[in-house]
Amino acid sequence: MRAGILLFPGINRERDMVLAVRQSFGTEPRIVWHKETDLTGLDLVIIPGGFSFGDYLRCGAMAAQSPVMRAVRDHAERGGYVLGVCNGFQILTETGLLPGALLRNAGLRFLSMDTMLKVERNDTVFTAKYGKGEVFRAPMAHGDGNYTADEATLDRLEGEGLVAFRYHDENRNGSARAIAGVYSPNLRVLGLMPHPEDLVDPLMGGTDGKPLFDSLAAA
Amino acid sequence: MKAVVTVMLKAGVLDPQGKAIGHALNNLGFAQVGEVRAGKIIELELAETDPAAAKAAAEEMAKKLLANMVIESFKVEITA
């Protein structure tokens with residue numbers, strides 16, 4: 001599994017993503033600048049968190065128009081894997097690669113704390129090393145993580161098994177149906193708000209997020 | 001020509017910012033304030049002379065970038 005990690009101005013979570021990939025994959029990820037358009041050779045494109053383009057207009061709206069995102073769309077259409085975390089999830093919804101949108105947190109506060117996520121299914125390339133229904137800890141740090149979509153879309157996501165993770169302890173940001181992450185219909189694109197890459201080494205205080213990267217490594 | 005694009009959250013989409021503004025106004029003694037909705041206004045200078053073409057272009061821009069049609073609606077006014 002060859003991974004590339006996208007870098008936009010204002011992205012600040014790429015270094016932990018590099019650590020997570022290096023540790024689980026045993027290979028060095030390629031850092032891909034937002035003006036690049038050639039993703040040849042990459043199996044997995046990771047869009048890390050941060051504040052791309054200063055969150056101007058809407059979180060992820062500017063990054064969604066970047067040259068590299070056209071290449072990511074092609075990559076996804078070819079069946080390539082894509083993982084978007086936090087701002088990366090927002091960018092994926094803004095490009096239309098994932099349905100719905102992320103609104104301002106219901107309580108208006110920026111939330112920086114641990115949350116508990118429930119694994120909805122473990123038969124995907126992202127979650128094979130978790131148990132079905134397993135609950136794991138993941139730090140979150142966002143101001144706009146309130147997942148929303150129209151009722152028909154939410155019903156479809158649930159009906160087709162495209163909800164990846166739900167907030168298990170408390171739905172602090174007000175997300176519709178406590179949804180923390182969703183898949184594309186082919187289960188190869190995943191976006192989620194909390195940060196599994198922040199817990200991949202005992203030195204970070206835990207390894208709850210490591211199975212996600214180990215799952216990808218084994219795919 | 002100048003186009004003014006007003007972007008608002010769709011009716012039914014929770015607007016926590018509007019809610020907070022409403023609470024603050026109530027706290028300031030403006031008891032008559034009920035629901036408040038907050039949005040944004042984007043002014044565009046367009047190299048167009050035909051108002052209809054300017055409006056069509058601004059609407060296209062709103063759909064492609066200025067508004068997220070999943071959660072927002074917009075309206076375009078040509079002012080000059």
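Everything numeric here is computed off the predicted structure, so don't read it as measured data. Each chain gets a letter, A, B and so on, in the order the sequences are listed, and its residues count up from 1.
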> Of the backbone (N, CA, C, O) and the side chain (C-beta and beyond), which part of B/Ile71 lies under 4.5 Å from a heavy atom of chain A, both, or neither?
side chain
> Enter the distance from B/Lys64:NZ to A/Gln65:CD here, rounded to the nearest 0.5 Å.
9.0 Å
> Using a 6.0 Å cut-off, check whether atom CZ of B/Arg37 has over 12 heavy atoms from anything other than its own residue.
yes
> Take B/Val70 and A/Thr153 through the side-chain contact (heavy atoms from CB on, under 4.5 Å) test and state the conclusion after the steps.
CA-CA 11 Å; B/Val70 175; A/Thr153 303; over 6 Å; no
> Quick check on the interface: out of B/Leu65, B/Ile42, B/Asp15, B/Leu9, who has the most heavy-atom pairs with chain A under 4.5 Å?
B/Leu65
> Determine which residues belonging to residues 76-108 of chain A lie within contact range of chain B, meaning some heavy atom pair is under 4.5 Å apart, and list them by number or answer 'none'.
A/Glu94, A/Gly100, A/Ala101, A/Leu103, A/Arg104, A/Asn105, A/Ala106, A/Leu108
> List the atom of A/Leu57, the atom of B/Lys40, and the distance in Å for their closest heavy-atom pair.
O-NZ, 2.6 Å
> Would you say that more than 12 heavy atoms from the other residues, nucleotides or ligands in this model lie under 6.0 Å from the NZ of B/Lys10, or not?
yes
> Please flag which part of B/Val13 lies under 4.5 Å from any non-hydrogen atom of chain A: side chain, backbone, both or neither.
side chain
> With only heavy atoms counted, which part of B/Gln17 is less than 4.5 Å from chain A, the side chain, the backbone, both or neither?
both
> Decide if atom CZ of A/Phe110 counts as having more than 12 heavy atoms of other residues, nucleotides or ligands within a radius under 6.0 Å.
yes
> Do other residues, nucleotides or ligands put more than 12 heavy atoms under 6.0 Å from the CZ atom of A/Arg109?
no
